[in-house]
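Hydrogens, waters and symmetry mates play no part in the numbers below; they use all other heavy atoms, side chains included.
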Amino acid sequence: MISMDKLPWTMRTPRKSMPEFYIDEVLPILMRRRALQLTKFDYRLANDLDEELQKLRCRVNFHALRFKKPIQTLGKKLVRRLRVMSSRYVAIHLRFEPDMLAFSGCYYGGGEKERKELAEIRKRWDTLPQDLSAEDERTRGKCPLTPHEIGLMLRAVGFGNETYLYVASGEIYGGEETLRPLRELFPNFYTKEMLAGDDLKPFLPFSSRLAAIDFIVCDESDVFVTNNNGNMAKVLAGRRRYMGHKRTIRPNTRKLNVLFQTWNQTGWDTFSRKVKKIQRGLMGEPDDPRHGRDDFHEMPSSCICQRVPVNRSATMQTRNLLSQVR
């Protein structure tokens, strides 16, 4: 855009627009102006489309779109550095930024200081109610798990303290103090800042490029875990399904939030058994039906071939028949 004599025409499309909107409203402007910038593009296309359009969407999302070469180069370099230390690693996409917590209306035990800070940030959004009940939000499963809770869940379902973790995150509310319990549970704890060193300096002014680096390292992980239901988590889950299936663990936030209120009042074995029961069907098995059914980004089912079970008896009968014909 810097090289253009005249900046392109800009427009914002409504959320979840049908294809007809793009044909009737967007295409004429594109044909007339030759270049068009859409200022927003998260969920600007309807979820439920004709199957052929869904397949085209997969070609765009998973094949046509590429990160720029410097981003790809650094992302892959971080993956190699992790693989040198361990043949397998778990990536956690950890959303625990101050504005995200303020938006959720949740409370995390930081006393009056936390309540005042998050309430002040929450005032940025005029449309959000200012009197949400933090307890009600937690009971409904609207509060993201803390770094400590994510660590406890992983240990409870069987990941040992020798597991290598890559933590993808922005600014963590509470900083190192908030991350310390997760580090203690998993000492092999790494971030892009720790792995990249000075290589990260050119990217530091650009939050979207830093997120892109995290995206690459998370995508290459053996197991991907998230504490949120945001766009990046959904797209990563869908891409990992589409590209041959790699495990993605989605916490059952509503039930785990209830369990974590009393987790230290029971023995570890009891706690672990309850977590495994809660997480049944959400551990990223290939046929896991419980997450992403209504979101194409998370479950691009139109683009994934279903393996048809082989009827061995019928196959043997066919072979015998063919041998007789020969």
Side-chain angles (χ1 to χ4, degrees), residues 89-111 114-115 118 132-161 163 165-186 189 191 211 214 218 221 223-234 236-237 247-266 268 270-284 288 290-292 298:
Y89 70 92
V90 174
I92 303 176
H93 182 223
L94 197 59
R95 292 294 310 276
F96 212 71
E97 301 92 340
D99 57 347
M100 192 241 192
L101 300 186
F103 190 90
S104 71
C106 299
Y107 172 67
Y108 290 93
E114 177 191 316
R115 293 184 192 277
L118 297 186
L132 279 179
S133 165
E135 287 303 314
D136 288 348
E137 295 301 291
R138 179 169 284 272
T139 302
R140 293 169 56 212
K142 299 299 182 181
C143 298
L145 298 183
T146 68
H148 188 200
E149 290 167 344
I150 283 286
L152 288 171
M153 181 199 73
L154 289 175
R155 290 295 297 273
V157 298
F159 290 91
N161 68 346
T163 302
L165 285 193
Y166 177 84
V167 177
S169 69
E171 176 192 359
I172 297 293
Y173 181 71
E176 286 301 312
E177 188 67 26
T178 301
L179 288 173
R180 184 177 294 117
L182 180 59
R183 286 181 184 270
E184 291 174 353
L185 288 168
F186 294 96
F189 175 108
T191 64
D214 277 336
C218 289
S221 67
V223 178
F224 174 59
V225 188
T226 177
N227 75 329
N228 66 91
N229 201 34
N231 292 341
M232 180 167 160
K234 288 180 179 179
L236 267 166
R247 187 181 295 274
T248 297
I249 298 176
R250 304 297 298 271
N252 187 329
T253 309
R254 183 174 62 82
K255 292 185 177 180
L256 286 175
N257 271 327
V258 174
L259 179 62
F260 281 130
Q261 292 179 25
T262 58
W263 78 271
N264 55 359
Q265 298 174 18
T266 60
W268 178 257
T270 301
F271 172 72
S272 177
R273 187 170 62 252
K274 288 181 178 180
V275 171
K276 289 175 181 176
K277 183 178 180 180
I278 287 172
Q279 283 299 118
R280 197 173 296 155
L282 296 170
M283 294 299 291
D288 172 14
R290 290 179 59 184
H291 252 300
E298 190 171 356

Please answer whether the main-chain N or O of Q265 pairs with a side-chain N or O of T262 as donor and acceptor at a distance below 3.5 Å.
no

Test side-chain contact (heavy atoms from CB on, under 4.5 Å) applied to R115 - qualifying residues, sequence neighbours left out:
Y107, E112

Report the distance from atom OG1 of T191 to atom CG of D214, rounding to the nearest 0.5 Å.
8.5 Å

Are any non-hydrogen side-chain atoms of S104 and E137 less than 4.5 angstrom apart?
no

Can you say whether the rings of Y89 and Y166 are parallel (under 30°), tilted (30 to 60°) or perpendicular (over 60°)?
perpendicular

Measuring from atom CG of N227 to atom CZ of R250, what distance do you get when rounded to the nearest 0.5 angstrom?
10.0 Å

Which is it for L154 and F186 under the side-chain contact (heavy atoms from CB on, under 4.5 Å) test, yes or no, and what are the steps along the way?
CA-CA 10 Å; L154 289 175; F186 294 96; 3.8 Å; yes

Verify the distance criterion only: is there a donor paired with an acceptor across the side chains of N257 and R140 at less than 3.5 Å?
no

Test side-chain contact (heavy atoms from CB on, under 4.5 Å) on D136 and K142; report intermediate values, then the result.
CA-CA 9 Å; D136 288 348; K142 299 299 182 181; over 6 Å; no

Do you know the tightest heavy-atom contact between A156 and S272?
O-OG, 2.6 Å

Determine yes or no for a side-chain-to-main-chain donor-acceptor pair under 3.5 angstrom, with T178 supplying the side chain and Y173 the backbone.
yes

Below 4.5 Å, heavy atoms only, C-beta onward: do I249 and M283 meet side chain to side chain?
yes

SB check R138 E135 (cutoff 4.0 Å):
no

Would you indicate whether the side-chain heavy atoms of R155 and T163 approach each other to under 4.5 Å?
no

Between the side chain of R95 and the main-chain N/O of G230, is any donor-acceptor distance below 3.5 Å?
no

In short, L185 meets G151 closest at the heavy-atom pair CD1-C, 3.6 Å

Please round to the nearest 0.5 Å and tell me the distance separating atom CE of M100 and atom CD1 of I172.
10.0 Å

Might you point out which heavy atoms bring G141 and T253 nearest each other, and give the distance in Å?
O-CG2, 3.6 Å

So F96 and Y108, ring-ring contact (aromatic ring centres under 6.0 Å, His included) or not? Walk me through it.
CA-CA 11 Å; F96 212 71; Y108 290 93; 5.0 Å; yes

Within the structure provided, determine whether F159 and L165 are in side-chain contact (heavy-atom separation under 4.5 Å).
no

Quick one: pull up CG in L152 and CZ in F260 and give me the separation to the nearest 0.5 Å.
5.5 Å

Could you tell me if the side chain of L259 sits less than 4.5 Å from the side chain of F271, heavy atoms only?
yes

Ignoring hydrogens and geometry, is there a side-chain-to-backbone donor-acceptor pair from E149 to T146 under 3.5 Å?
yes

Roughly how far, to the nearest 0.5 Å, is the CZ atom of R254 from the CD1 atom of I278?
9.5 Å

Side-chain touch L118/C106, heavy atoms, less than 4.5 angstrom:
no

Rounded distance (nearest 0.5 Å) linking atom CG of N252 with atom CE of M153
10.5 Å

Here the pair of heavy atoms bringing A211 nearest to M232 is O-CE, 3.8 Å

Are R180 and E177 side-chain neighbours, meaning at least one heavy-atom pair lies under 4.5 Å?
yes

In L94, I92, V167, the residue satisfying side chain to side chain contact (heavy atoms under 4.5 Å, CB included) with V225 is I92

